[in-house]
Amino acid sequence: MQSRPISDPSSWWFYAAIHGEYLLPKSVIPPPQPHQPDYCYLNWVNIKYIFPAAQLSKTPLKKVTNLFWDQCQHATWYFTPWHRGYLVAIENILRAIILKLGGPADWALPYWNYLNQSTSSAQANIPPAFTLQHLPDGSANPLFVSERYGLKIDVGNGEYSVHDLCQWDTIYNEGSTQGSVGAGDLTGYFYGGGKTGFVHSGGSETGDLEDNPHNAVHGMVGGENANNQSGIMGVPNTAALDPVFYLHHANIDRMWAAWNETGKNKNPADASWLAGPSAHGNPRFVMPLDSKGTPWYYTPGDVLTTTNLKYNKTAYSYTYDDLSLTSYDTTPPTQFRTNLLERFAKLNITGEGKDIQMTKKKKQELVGASTGSITLKSRETETSLQLNATAWKSVSKGLVEASFSSIPDEVFLQLEGVKGGGDTNFLSVYVNQEFVKSVSLFGLLSASLKGGAHGDAGLTFKFNITNIIDNLHLNGNIDVDSLNIQIKTKSELPDGGGITIGRIGVYRVSQ
């Protein structure tokens, strides 16, 4: 595939561009501006890993690129099904080549379970087949990427760690039927993301599976070099150039399958999810089947399970040798979950919970916000938010009068309009010195480019801070005049590479 030119729909470079690209005139990164780092190294013509055989100057016809390129779905409830179809399509291209070269007819994409930390087979390191510069015969290793700067995955429940807490979710998205008493989510958008139309990278409704481990692993594998430049796996529009991308996504696909099969959790039954973005008047999902560019159109409904797919209108099946629900955490981490019974116990409300009454239509209200944008110029930034005393009364009253028939509000913190570069960096958020969560900045640059798919809107990060607000209430420490917010970055920010946050908002959501 790497020996074929980018004009060939079955080439490695064409398939990478399906996920996203910085090559066509409309997507070329602009030249450096005052106080803005130079990201031109991410333009495909400047990436050393791309072989001369790619012939980047001879891009496909516009009607072909319009149909196939820049499709990846991120920060949307379509994240899981789109990527499953992407894996199936490239697996079949590769298998046909391997079979022609005398390989096995049942060849399948491998997966890399970086979360497996057993003493006998800890897999946090990038597989050695991808880190050796040369093959045993001395020839260059096509799996080695010079612009890959990460060496291993930091697994654990620490501040900047990869984990599988998402696997304990019981709901795919906010419109799904609840799988158990309580919300069953970690961040507010549940397992699979918020309900959207077609969203190519960027966006604001990232699900827990996509947030961590997906985004975090992209950032760690891409890494940064001495010049603070991100590795290609760390940026959505270059990520699929790196062969290890497909092992990573095969593991994400395995986790989704395990969430369904072992966890016995259900995917959305919503017709607009099953039909895909075309239900919203957006493009259908499509992949090239061969060098002629024969299209395979598919919907989430076609790829609900790995054992009963509809691939190019025919039955297709595969499975994984390990469908354990989790690989790292083996018991539900109750301190991270927003479960009503656990919350009521903490608020000293006792009983069996048979009278729990949740509102059918949740009401969201802004109860506090920063007075202006915030620029992160160093690794630690601190600010105070003033809560609206009138709006906050509903939250306070709900906590004081909490009962099974009167559920107190949940409270969320949002970083809105986050812009900048440094996709491989991470942010950590604290409220009144209590740690909330870390998030990867994967996709930040694409969402910040003027004229890009998201119109310079930036990213939005949503954090469920209900547990912290409950603690402040119980300790009598809620001060509507000064809710302290602290934001830290994992890596130093390069000169001129500050990250801006358009607004920090606090919202209450009725239950």
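If you're wondering where the values come from, they're calculated on a predicted model, not measured in any experiment.
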Any side-chain donor near an acceptor of the partner, Asn113 and Ser327, under 3.5 Å: yes
Exercise: do Gln167 and Thr326 side chains pair donor with acceptor under 3.5 Å: no
Close side-chain approach of [X] to [Y], heavy-atom, < 4.5 Å:
{"X": "Glu224", "Y": "Gln229", "result": "no"}
{"X": "Phe130", "Y": "Leu247", "result": "yes"}
{"X": "Tyr49", "Y": "Phe144", "result": "no"}
{"X": "Thr59", "Y": "Leu23", "result": "yes"}
{"X": "Tyr160", "Y": "Asp154", "result": "no"}

Should the pair [X] and [Y] be assigned to parallel (<30°), tilted (30 to 60°) or perpendicular (>60°) ring geometry?
{"X": "Tyr78", "Y": "Phe285", "result": "perpendicular"}
{"X": "Trp296", "Y": "Tyr298", "result": "parallel"}
{"X": "Trp112", "Y": "Tyr114", "result": "perpendicular"}

Within 6.0 angstrom of Lys152 NZ, more than 12 heavy atoms from elsewhere: yes
Heavy-atom neighbours of Leu366 CG exceed 12 at 6.0 Å: yes
Intermediate values then yes/no, ring-ring contact (aromatic ring centres under 6.0 Å, His included), His248 and His83: CA-CA 11 Å; His248 169 38; His83 283 86; 9.3 Å; no
Identified side-chain contact (heavy atoms from CB on, under 4.5 Å) partner of Tyr22 from the options Val28, Val235, Ile47: Val235
Shortest non-hydrogen contact from Val286 toward Phe68: CG2-CE2, 3.6 Å
Nearest heavy atoms of Asp70 and Gly20, plus distance in Å: OD1-CA, 3.4 Å
Just list the side-chain donor-acceptor pairs under 3.5 Å for residues 6-15, sequence neighbours left out, or say none.
from  : atom 1 : to     : atom 2 : distance (Å)
Asp8  : OD1    : Ser10  : N      : 2.8
Asp8  : OD1    : Ser10  : OG     : 2.8
Asp8  : OD2    : Ser10  : OG     : 3.4
Ser10 : OG     : Arg4   : NH1    : 2.8
Ser11 : OG     : Pro5   : O      : 3.1
Ser11 : OG     : Asp8   : O      : 2.9
Ser11 : OG     : Phe14  : N      : 3.1
Trp12 : NE1    : Leu241 : O      : 3.0
Trp13 : NE1    : Gln2   : O      : 3.1
Trp13 : NE1    : Arg4   : O      : 3.4
Tyr15 : OH     : Pro288 : O      : 2.5

Spacing of Lys195 atom NZ and Thr76 atom OG1 [to the nearest 0.5 Å]: 11.5 Å
Gap separating the NE2 atom of His19 from the OG1 atom of Thr238, nearest 0.5 angstrom: 10.0 Å
Donor-acceptor contact below 3.5 Å, side chain Tyr149 vs main chain Val221: no
Exam field: side chain Asn237 to backbone Glu21, donor-acceptor pair closer than 3.5 Å: yes
Pairing of Asp211 and Lys437 as salt bridge, 4.0 angstrom limit: yes
Test: Lys462 cationic atom under 6.0 Å from Phe412 six-membered ring centre, within 45° of axis: yes
Test log, rule ring-ring contact (aromatic ring centres under 6.0 Å, His included), inputs Tyr191 and Trp259: CA-CA 9 Å; Tyr191 190 73; Trp259 188 78; 4.0 Å; yes
Between Phe79 and His74, ring centroids under 6.0 Å: yes
